[in-house]
Number of protein chains: 2
Amino acid sequence: MTNVNLKHLAKELNLAVSTVSRALRDSYDIGEETKRKVMALAKKLNYEPNPYASSLRKQKSRTIAVIIPEIANNFFSLAINGIEEIAQEKGYHVLIYITHEDYNKELSIMRYLQNGRVDGVLMSVSSNTDDIEHIINLKQRNVPIVFFDRICENVETAKITTDDYESGFKATEHLIQQGCTNIAYLCISKHLSIGNKRMHGYLDAIKKYKLRSPQTNIVFGSNNHEENYNKVKKLLSAKNRPDGIFASVEKLALTAYHAAHELDIHIPKQLKIISFANLETAPLLKPSLTTITQPAFEIGKRAAMTLFRSLDKKNAPIINETIILNATLIPRESTRK
Amino acid sequence: MTNVNLKHLAKELNLAVSTVSRALRDSYDIGEETKRKVMALAKKLNYEPNPYASSLRKQKSRTIAVIIPEIANNFFSLAINGIEEIAQEKGYHVLIYITHEDYNKELSIMRYLQNGRVDGVLMSVSSNTDDIEHIINLKQRNVPIVFFDRICENVETAKITTDDYESGFKATEHLIQQGCTNIAYLCISKHLSIGNKRMHGYLDAIKKYKLRSPQTNIVFGSNNHEENYNKVKKLLSAKNRPDGIFASVEKLALTAYHAAHELDIHIPKQLKIISFANLETAPLLKPSLTTITQPAFEIGKRAAMTLFRSLDKKNAPIINETIILNATLIPRESTRK
DNA sequence: CTGTTAGCGCTTTCAG
DNA sequence: CTGAAAGCGCTAACAG
């Protein structure tokens with residue numbers, strides 16, 4: 001870190017450090033002549049202010065954190081893309097943290113953030129987070145939080161989500177219209193808002209169309225892939241096994257695929273699958289999967305914009321509101337044209 | 001930022017700030033009794049040191065930057081996953097920057113990093129980066145850089161790559177073994193190391209099997225999707241159009257798919273495609289694409305480990321070495337079993 | 001318009 | 001074993 005700093009510039013120009021500092025930003029207050037000289041030298045020496053000194057002084061880091069459960073998943077990648085774009089526009093830096101669906105990791109990550117490291121947090125909670133103390137804690141330390149996708153209902157802050165209930169309803173309806181009469185629902189965790197909302201949509205569609213849905217048709221998965229696989233396999237091995245599956249996340253759709261394949265159940269003839277999924281490659285590579293695609297990039301952007309709105313204005317509080325963006329159902333037929 | 005800091009703790013305990021500071025880390029030097037008291041209060045008040053004050057003082061940020069051209073791409077998502085895992089293990093924070101294949105963005109990002117914001121950088125260069133001054137610049141400011149995947153040959157530092165030449169050779173050979181005699185190669189940029197190495201593998205395979213390959217069979221794409229699409233369409237519209245395509249990146253494979261589809265060329269009957277791709281969902285969703293899959297997660301981990309090796313030991317210089325990991329060819333047949 | 005001064009919160013000599 | 005004091009690089013209040 002052998003680096004040029006304000007002191008260097010000041011000495012070289014026979015000016016006070018503060019003058020140089022102001023010339024470099026304030027502007028209105030410093031003579032044109034001086035400003036030009038300072039700017040010139042700064043450019044010449046490739047001066048870049050030390051961010052941490054400035055953060056320490058201003059108590060603002062111009063940095064936000066993004067906390068997500070996983071990243072090798074198109075939804076979150078796209079969301080980050082949107083977040084990063086807005087952040088770059090606003091001159092903010094983005095720290096990324098992956099919880100790997102681990103509540104304890106989420107906890108310790110949020111501890112790190114509580115002392116000024118970031119000005120705000122964008123997060124999608126881990127699937128086994130049912131306690132919200134750590135989140136409230138951070139909020140109380142004046143770190144604004146915006147949830148996206150996997151929200152916490154009972155934290156008062158901005159939330160950007162998809163129309164999960166409606167999408168769940170439509171997904172189920174879609175399967176029914178395809179002739180399914182025995183539809184199962186797969187989701188990752190009882191704790192997740194998205195899973196529950198989608199489930200309610202599913203249940204209401206079942207009800208509306210007067211289908212029966214045995215309790216066993218709802219599978220709650222976990223972090224453990226093996227376990228999920230066995231549960232789904234069991235589901236598909238039953239005498240009256242489902243002829244349609246609505247998976248609340250892509251990963252479970254794939255689990256179902258694998259299981260069906262092993263059990264020699266033909267997709268989509270004997271089993272139709274619909275799933276929330278953000279396969280960028282979808283139009284070409286998923287001939288047999290109907291997807292419900294979330295506007296991930298947009299969600300990321302909106303989440304970031306919402307956060308920055310409160311950061312830009314001097315600590316304007318984040319409004320406790322939910323912005324709901326619509327997902328799109330992309331039937332597999334259309335993928336073949 | 002109403003926050004508890006060392007001064008608070010010190011006052012509360014009737015100790016000097018320095019004593020508290022040391023009790024919280026140094027340990028050997030402070031009385032057991034005092035230490036316990038300090039620790040207890042720190043825990044109770046949920047004390048978390050201000051990272052920027054400490055960074056400023058120690059001239060170390062415990063933060064690294066990851067600079068990548070894009071993120072909505074499985075390769076980079078997986079790599080980040082690996083990077084983040086190692087970083088978390090080491091107690092480092094990860095800043096993420098996306099260049100969107102834009103040289104100018106890459107430039108300005110690296111400017112931000114030159115004054116202590118990060119202790120090191122992991123990067124995959126943008127496709128239109130042919131000038132390396134900004135990289136050298138950063139290196140000279142004592143910010144170690146490790147390249148992964150898209151490396152810069154002529155910067156002396158550690159590089160983690162895939163066996164691009166061999167994979168290019170094998171990919172081409174694979175198409176030849178499938179009966180292709182007129183194979184085209186698609187890549188994104190003349191500047192990229194990976195594209196060039198893969199191309200050499202391709203050319204050597206063509207040579208070895210004594211196929212002819214008209215110059216027109218090599219397509220250099222760009223950032224512009226439309227443009228790429230037209231180039232590929234033109235390629236596939238020629239009288240003696242190729243019967244095999246080796247795409248150096250997933251995106252171009254998809255472009256080829258689209259073009260073939262529009263021109264009513266059947267895949268894989270009339271045109272076989274092989275491509276570098278990291279489709280996590282591959283086993284199920286890509287019935288017609290043979291892929292060469294890079295160990296992305298591993299690459300990320302190795303890159304991070306290499307960087308941390310030099311950060312952990314007091315500024316041990318990064319060795320100018322290239323670590324080459326092997327990609328795996330996954331034929332489409334095996335996806336159907 | 002410019003300089004002086006006093007910190008931001010932490011670490012680290014240097015003294016006791 | 002503990003305290004006092006200096007200073008990382010920057011900003012901002014206060015003087016001139």
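Hydrogens, waters and symmetry mates play no part in the numbers below; they use all other heavy atoms, side chains included.
If you take CZ of B:Arg25 and P of D:dT2, they are 15 Å apart, rounded to a whole angstrom. One can place CG of B:Asn5 at 14 Å from P of C:dG7, the figure rounded to the nearest angstrom. Atom CG of B:Leu24 and atom C1' of C:dG9 are 13 Å apart (whole Å). Atom CD of A:Glu48 is separated from atom P of D:dG9 by 15 Å (rounded to the nearest Å). Remark: C1' of C:dC10 and NE2 of B:His8 are 13 Å apart, rounded to the nearest angstrom. In this structure, CZ of A:Arg57 is placed 18 Å from P of D:dG7, rounded to the nearest angstrom. Taking atom CG of B:Leu13 as the reference point, atom P of D:dG3 lies 10 Å away to the nearest angstrom. The distance from atom NZ of A:Lys11 to atom P of C:dG3 is 15 Å, rounded to the nearest whole Å.
Along DNA chain D, the nucleotide closest to B:Glu32 and the one closest to A:Leu6 are compared, and the more 5′ of them pairs with B:Glu32. Take the nearest nucleotide of DNA chain D for B:Val20 and for A:Leu56: the residue whose nucleotide is more 5' is B:Val20.
Taking the salt bridge (Lys or Arg N to Asp or Glu O under 4.0 Å) definition, one finds that A:Glu12 meets it with nothing, sequence neighbours left out. In terms of the salt bridge (Lys or Arg N to Asp or Glu O under 4.0 Å) criterion, B:Arg62 has no residue partners (sequence neighbours excluded). Evaluation of the salt bridge (Lys or Arg N to Asp or Glu O under 4.0 Å) rule for A:Lys90 yields A:Asp312 as partners, not counting sequence neighbours.
Separating the CG atom in B:Asn81 from the CZ atom in B:Phe76 is a distance of 14.5 Å, to the nearest 0.5 Å. In this structure, CG on B:Leu6 lies 9.5 Å from OG on B:Ser18, to the nearest 0.5 angstrom.
Between A:Gln59 and C:dG9 there is a side-chain polar atom (N or O) within less than 4.0 angstrom of OP1 or OP2. Between A:Tyr52 and D:dT11 there is no side-chain polar atom (N or O) within less than 4.0 angstrom of OP1 or OP2. Checking the phosphate oxygens (OP1, OP2) of C:dT2, a side-chain nitrogen or oxygen of A:Thr34 falls inside 4.0 Å. Of the side-chain N and O atoms in B:Tyr47, none sit less than 4.0 angstrom from OP1 or OP2 of C:dG9. An OP1 or OP2 oxygen of C:dG9 is reached within less than 4.0 angstrom by no side-chain nitrogen or oxygen of B:Asn50.
The side chain of A:Pro49 lies closest to D:dC10, out of C:dG3, C:dT12, D:dC10. When distances are taken from the side chain of B:Leu15 to each of C:dC10, D:dT2, D:dT11, the shortest belongs to D:dT2.
Applying the salt bridge (Lys or Arg N to Asp or Glu O under 4.0 Å) rule to pairs touching residues 70-86 of chain A yields A:Glu70-A:Lys251, A:Glu85-A:Lys301, sequence neighbours excluded. Every pair passing salt bridge (Lys or Arg N to Asp or Glu O under 4.0 Å) that includes a residue from residues 36-45 of chain B is listed here, sequence neighbours excluded: B:Glu33-B:Arg36.
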Between the protein and nucleotides 13-16 of chain C, are there any N/O to N/O pairs under 3.5 Å, and if so, what are the atom names and distances?
none

